[in-house]
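Shown next, in structure tokens, is the structure this report addresses.
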Amino acid sequence: MTSPETAVPASDFVRDTVRRDNEQGTYGGRVQTRFPPEPNGYLHIGHAKAITVDFGVAEDFDGTCKLRFDDTNPQTEDEEYVASIIEDIRWLGYTPDEIVYASDYFEQLYAWAEQLVERGLAYVDEQDSETISAQRGGYGQPGIESPFRDTAPEENLRKLRAMRAGEFPDGSRVLRARIDMQHENMQLRDPIMYRIRRGHHHRTGDAWCLYPTYDWAHGQSDALEGVTHSLCTLEFESHRPLYNWFLQQLPLPGDTPKQLEFARLELTHTVTSKRRLAKLVHDGLVDGWDDPRMPTISGLRRRGYPAAAIRDFCRYVGVNRTNSRPGIELLESFVRRELNRTAQRRMAVIRPLKLVITNWPTRPDGSPVVEYFAVVNNPENEADGTREVAFSGELYIEREDFAEVPPPKYFRLSPGREVRLRGAYFVTATEVVKDEDGTVTEVRCTYDPQTRGGTAADGRKVKSTMHWVSAQHAVDATAVLYDRLFSAEAPGAATGEPLDDLNTDSREVLTGCKVEAALADTAPGQVVQFERLGYFAHDPRTPMLFHRTVGLRDEWAAIQKRQGK
RNA sequence: UGGGGUAUGGUGUAAUUGGCAGCACGAGUGAUUCUGGUUCACUUAGUCAAGGUUCGAGUCCUUGUACCCCAACCA
């Protein structure tokens, strides 16, 4: 448990409702939820909240939670998405009690639809979608009844069967529930139950040309599965009366499920619209759904976000009915909290600057002496042990760790100043080598043999400890630094259309980085901390490619900012 | 325009249901530190507005205000 228990609310309105239902015996003490994604894209951070709520509530009350694919629209759905969704849920640490599909219920739904038709509660409308939409009326405006509304049940039944038999072209007819065209809630103005849509369905193939809408499929699927609490997001609130209406009309096998809505998760600097994410992928603005810049679960995973951090974050923001947009910093703080505990430390320089020790000893054959130092892998976790790091007279340090003219409060290396090379020796810069442009290409220094291991025999202190790699032993690597995908607050990121707030230059690729040899042993997918540079995830597919997961909290950057730099 | 929701520091979220407005992120100050990391201490800042009931209101009442959702054969 890495979450700050003190700050996590003990309950929320969803859990309160479930608890009350249990106390009153509403569902015989049974708790069943479901996570119902449409397989038309990859899961993103917003879904992670829904997942932690759906699975978390079931877990807390010793109930069950199934994964149900809401595959009612063949035009947008694909097996690729089914597979990725299952993988992402498992990676997040949840195991569905069962994996089911709304398409499993197509036959039952159709049978029920015929029953509604027979009872005069549904009818076939032959008008086109524009006409139907116009007749629906507007907010505060009355609706107009369709001329097909009072067709006799036998006639409707005949038409519905002909629809199913494929006798009509796409979009030519729909089945509508016969409710109330004057209802103040638009959802109840004779909503569509079935539309004709010939498309190859990823599971039922070409068996159907008739597909149920969300409203006709969802509550009925819940009921068929025995769901007790159907948790969804706030925008479905106005659908609840319709959800209940359908259930009231049907001979349900068991209890009537209860729909509860909560606010969806949004984040600053983050797009949480599947439509817009799909556009980024299809327009080629990112390298795929798992591009580390993407806020998808798979993107975050590749970027090195630990599942535990995502879970803790979701739990922490809570379940509520208030639309909000937490700062991305909050998520990142959970990532750092987790990684600080678990990530091994390594020395690496992503913008190398050569550091030559002029008084470093040589062997009789003229080659430089090599020393090895044992370094702790993770000071937060002794069990991670130590590793040997080679040290010699030619090193690389981080370019920004040297300043020819040090600004105020700058503690790192500069001419005449002594610093510690972590775990090795104290060195003092003596000389700067530049190219014709005046760029520093090399720094020369002397080391003090009396400071072996990083401790001065005379007890003197230095203000800075720097990371380094031995030039002779270093391994070349590539590091990718990510900015946030969006440069601004991404107004309308959830609902808006434009992508013009996208920061397409949000990635800086640094080749020629130098990392210590021990890093070559890092497992693909593993996240390590490059000391002082941040947490980096070893790409699962490409050797020696590292994605920066998050940076460290950087006090020096804050100082520079304050100095107005 | 009708209906349905939601309002607590800069951000997110609590408050035993009418009883000291707390926690976290962020920001700031200081201490510790062989990572300007971590850790520790302190500081900062809030009940949408106006009335009302009450010994006492974030919580109850009234009237406003702001924001979100609903008129796909999407989910």
Side-chain angles (χ1 to χ4, degrees), chain A residues 3-4 6-10 12 36-38 40 70 72-73 75-76 125 128-129 132-143 170-176 183-189 191-197 211 213-215 217-218 232-241 261 263 268 274-275 313 316-318 320-334 336-337 340-341 345 347 375-376 379-380 409-412 420-424 453-455 461-467 495 529-535 551-559 562:
Chain A
S3 56
T6 50
V8 176
D12 50 65
E38 183 187 14
N40 67 347
D70 245 345
T72 57
N73 184 355
Q75 290 178 340
T76 55
D125 199 328
D128 59 36
S129 63
I132 291 175
S133 173
Q135 287 174 351
R136 191 120 48 203
Y139 301 137
Q141 276 2 68
D170 284 12
S172 62
R173 272 140 239 249
V174 289
L175 185 72
R176 300 178 70 181
H183 202 104
E184 59 200 14
N185 181 348
M186 290 294 161
Q187 304 299 332
L188 282 288
R189 318 253 262 223
I192 311 289
M193 294 168 64
Y194 276 110
R195 69 279 208 192
I196 303 172
R197 180 166 293 189
Y211 288 93
T213 56
Y214 165 86
D215 288 303
H218 202 92
C232 64
T233 46
L234 238 29
E235 65 267 28
F236 291 103
E237 197 167 15
S238 60
H239 293 243
R240 191 170 63 223
E261 311 87 12
T268 58
K274 217 191 259 179
R275 227 203 96 257
F313 169 74
Y316 185 76
V317 298
N320 49 60
R321 310 195 96 228
T322 312
N323 288 311
S324 61
R325 190 186 289 272
I328 188 80
E329 302 81 8
L330 188 61
L331 207 209
E332 289 173 349
S333 75
F334 278 90
R336 286 196 196 95
R337 190 199 305 269
N340 180 53
R341 259 186 54 241
R345 274 57 170 171
M347 290 192 285
V375 182
V376 172
E380 305 293 320
K409 295 190 175 177
Y410 184 90
F411 301 144
R412 287 114 104 160
R420 170 166 43 227
L421 295 178
R422 183 179 168 100
T455 311
K461 306 272 189 197
V462 287
K463 295 205 82 170
S464 181
T465 299
M466 310 204 325
H467 56 267
T495 56
Q529 186 195 92
F530 289 0
E531 289 185 340
R532 269 235 310 264
L533 298 174
Y535 296 99
L552 263 36
R553 282 186 57 233
D554 189 349
E555 195 176 319
W556 172 238
I559 290 169
R562 256 176 276 143

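Chain letters run A, B, ... following the sequence lines, proteins first, then strands; residues in each count from 1.
Annotation: side-chain contact (heavy atoms from CB on, under 4.5 Å) contacts of A/Q141 (sequence neighbours excluded): none. Taking the ring pair (Phe, Tyr, Trp, His ring centres under 6.0 Å) definition, one finds that A/Y211 meets it with A/F106, A/H201, sequence neighbours left out. Under the ring pair (Phe, Tyr, Trp, His ring centres under 6.0 Å) criterion, A/H183 pairs with no residue at all, not counting sequence neighbours. Considering only residues two or more places apart in sequence or on other chains, A/T76 meets the side-chain contact (heavy atoms from CB on, under 4.5 Å) condition with A/E38, A/N40, A/N73. Every ring pair (Phe, Tyr, Trp, His ring centres under 6.0 Å) that A/Y410 has, sequence neighbours left out, goes to A/W556. When the side-chain contact (heavy atoms from CB on, under 4.5 Å) test is applied to A/V375, the partners found at least two apart in sequence or on another chain are A/R387, A/V389, A/R422. Taking the side-chain contact (heavy atoms from CB on, under 4.5 Å) definition, one finds that A/R420 meets it with A/F426, A/V462, A/T465, sequence neighbours left out.
Within the 4.0 angstrom heavy-atom criterion, only backbone atoms of the sugar-phosphate kind lie near A/R321; the bases stay farther away. Nucleic acid contact for A/E332: none, since no nucleic acid atom lies under 4.0 Å from a heavy atom of the residue. Among the protein residues, A/I559 comes within range of the nucleic acid bases, having at least one heavy atom under 4.0 Å from a base atom. Within 4.0 Å of A/R553, counting heavy atoms only, lie sugar-phosphate atoms of the nucleic acid but no base atom. Here A/K409 lies in heavy-atom contact (under 4.0 Å) with a base. A/L234 comes within 4.0 angstrom of no nucleic acid atom, judged by non-hydrogen atoms across all strands. As judged by a 4.0 angstrom heavy-atom cut-off over every strand, A/Y410 is placed among the base-contacting residues.
In this structure, CZ in A/R189 is found 11.5 Å from OG in A/S133, a value given to the nearest 0.5 Å. The structure places CZ of A/R412 at 6.5 Å from OG of A/S464, a figure rounded to the nearest 0.5 Å.
Contact annotation: A/R562 reaches the phosphate of B/G28 (side-chain N/O to OP1 or OP2, under 4.0 Å). Put simply, A/T465 has no side-chain N or O that comes within less than 4.0 Å of OP1 or OP2 on B/U33.
Following rounding to the nearest Å, A/N320 (CG) and B/A15 (P) show an atom-to-atom distance of 12 Å. As rounded to whole Å, 15 Å separates atom P of B/U33 from atom CZ of A/R422. Rounding to whole angstrom units, CD of residue A/E555 and P of B/U38 are separated by 9 Å. A straight line from CG of A/L331 to P of B/G12 spans 15 Å, rounded to a whole angstrom. Whole-Å rounding puts the A/R336 CZ to B/U39 C1' distance at 16 Å. In this structure, A/R325 places its CZ atom 11 Å from P of B/C68, rounding to the nearest Å. Atom pair A/D554:CG and B/G37:P shows a separation of 8 Å (rounding to whole Å applied). Look at CZ on A/F334: it is 11 Å from C1' on B/U13, rounded to the nearest Å.
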Per-nucleotide protein contact string for nucleotides 70-75 of chain B (B base, S sugar-phosphate only, - none; heavy atom under 4.0 Å): BBSBSB
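Relative to the side chain of A/P379, the nucleotides B/C23, B/G37, B/A7 differ in distance, and B/G37 lies closest. With B/U29, B/C68, B/G37 as the choices, the nucleotide that has an atom nearest any side-chain atom of A/N323 turns out to be B/C68.
Residue side chain A/R345 reaches the base of B/U35 through a donor-acceptor N/O pair under 3.5 Å, judged by distance alone. You'll find a donor-acceptor pair under 3.5 Å spanning the side chain of A/Q529 and the base of B/U35, going by distance alone.
Taking syn as a glycosidic angle within 90° of 0, B/A72 qualifies as syn. With a glycosidic angle further than 90° from 0, B/U35 counts as anti.
Between B/C60 and B/U6, the distance separating the two P atoms is 12 Å to the nearest Å. Between the P atoms of B/U35 and B/C69, the separation comes to 49 Å (whole Å). Taking atom P on both nucleotides, B/A75 is separated from B/A66 by 35 Å, rounded to a whole Å. Here the separation of B/A24 from B/G64, taken at their C1' atoms, is 34 Å to the nearest Å. Only the P atoms considered, B/U59 is 36 Å distant from B/C40, to the nearest whole Å. With P as the reference atom, B/G19 and B/C61 are 15 Å apart, rounded to whole Å. Nucleotides B/A27 and B/A14 have their P atoms positioned 24 Å apart, rounded to a whole Å. B/A15 and B/C23: their P atoms are spaced 15 Å apart (whole Å).
The aromatic rings of A/F236 and A/H239 lie perpendicular to each other, with more than 60° between the two planes, well past the 30° mark. Using bins of under 30°, 30° to 60° and over 60° for the plane-to-plane angle, the ring pair A/F334/A/Y316 lands in the tilted bin.
Summary of the strand contacts: A/T322 and A/G423 both lie near RNA chain B, and taking for each the nucleotide with the nearest heavy atom, the more 5' one is attributed to A/T322. Residue order along RNA chain B, read from the 5' end via each residue's closest nucleotide, puts A/G140 first among A/G140 and A/F411.
A salt bridge links A/R176 with A/D125; the closest basic N to acidic carboxylate O contact falls under 4.0 Å.
For RNA chain B, if you chain together Watson-Crick or G-U pairs that step i with j, i+1 with j-1 and so on, the runs of at least three with distances under 3.5 Å are B:2-7 with B:65-70, B:10-13 with B:22-25, B:26-31 with B:39-44, B:48-52 with B:60-64.
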